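Hydrogens, waters and symmetry mates play no part in the numbers below; they use all other heavy atoms, side chains included. If you read the sequence from its start, that first residue is 1, and numbering goes on from there. This one's a predicted model, so the numbers in the text were calculated from it and none came from an experiment.
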Amino acid sequence: MSRRKKNRPSNNKNEPLHQAEQNYDKDELIRLNKYIAHCGFTSRRKADDYIAAGKVEVNGEVVTQMGVKVRRTDKVVVEGQTLSLEKFVYILLNKPKDTITTTDDPRGRDTVMDKIEDATGKRVYPVGRLDRHTMGLLLLTNDGDLANRLMHPSYQVRKTYEVETLPGLKDDELQKLLDGIELEDGPAEAHKLSRTPDGFVMSIFEGRNRLVRRMVEYFGAEVTKLKRVEYAGLTLKDVKMSRWRYLRKKEINALRKMVKLDPLNFD
């Protein structure tokens, strides 16, 4: 018997599921890897691997050439599974500590997918990563275009964290975070920073691996608590730890506008 428990959404009665059709015209040409990704089967990059390995058929013919385009009316099969374009789904999770940001874990540890099990019946993927011990706001979706752009550094998506350290950072060290410091993989700086009774709140635009922790370690200190409280204008308001909610229509289209994607139509 599975040890996983279903996790109900926060305020679900007041927040009905908002899904958006992928409004491709029946004659519109779509790159095959994009079509596979938008069917929720896998990422666009991994779709290229399936194509190269000869595991993709279009209308009964194996396709191995990159750049092939299909229509939504074509029959696309990957490893024997016939695909169809899913409605887009968007979930905001308040990730707890000791949870892996991945779709599965061979060692049986809790993953973010355990927290939203049976939420949609669709495959959704984390947008970026929070390390195992980092808590807070994580976005999950099957909207590959939005996810890719939110993670791309050129769109300067803001992330805000509550940080506690041992020992606590001094005023001059916090100022250095604002002015910019040099890490092993390049310069890093805080966009905004303010003290709290137990530490500080810091906003950054980058998404490099363990960036906040490494910025703190630069001063010989250690992060004892790290929680993301804001991402791309979204916050954790009314979402308790380990709970989740669907994004609202206006939130979804605000995200798409931020990264220069067209708005979506909803049911």
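For R208 (side chain) and D185 (main-chain N/O), a donor-acceptor pair under 3.5 Å exists by modelled atom type. Within the 3.5 Å criterion, the main-chain N or O of V89 finds a donor-acceptor partner in the side chain of N142. For the pair E230 (side chain) and G233 (backbone), a donor-acceptor distance under 3.5 Å is present. Proximity of a side-chain donor or acceptor of K95 to a complementary backbone N or O of K227 within less than 3.5 Å is not detected. Without hydrogens or angle criteria, R214 side chain to N209 main chain gives a donor-acceptor distance under 3.5 Å. In this structure, N253 contributes its side chain and L264 its backbone to a donor-acceptor pair below 3.5 Å.
Separating the OH atom in Y161 from the CZ atom in F200 is a distance of 12.0 Å, to the nearest 0.5 Å. Taking CG from L137 and NZ from K159, the interatomic distance works out to 12.0 Å, rounded to the nearest 0.5 Å.
A continuous path of Ile, Leu, Val, Met, Phe, Trp and Tyr side chains, each step under 4.5 Å between heavy atoms, connects V157 with L236, placing both in one hydrophobic cluster. The hydrophobic clustering, which links ILVMFWY residues whose side-chain heavy atoms are closer than 4.5 Å, places V70 and I36 together. Residues L169 and L183 are members of one and the same hydrophobic cluster, defined by side-chain heavy-atom contacts under 4.5 angstrom among Ile, Leu, Val, Met, Phe, Trp and Tyr.
With contacts defined as side-chain heavy-atom distances shorter than 4.5 Å, the pair K69/Y35 does not qualify. Between H152 and V259, every side-chain heavy-atom pair lies at or beyond the 4.5 Å cut-off. With contacts defined as side-chain heavy-atom distances shorter than 4.5 Å, the pair R213/D131 qualifies. By the 4.5 Å heavy-atom criterion applied to side chains, T99 and L130 are not counted as neighbours.
Considering D48, D49, T42 in turn, D48 is the only one that fulfils the side-chain hydrogen bond (donor to acceptor under 3.5 Å, both in side chains) rule with N33. Tested against V163 for a side-chain contact (heavy atoms from CB on, under 4.5 Å), the candidates L193, V201, V216 yield a single pass: V216.
For H191, the NE2 atom is densely surrounded, since the number of other residues' heavy atoms within 6.0 Å is greater than 12.
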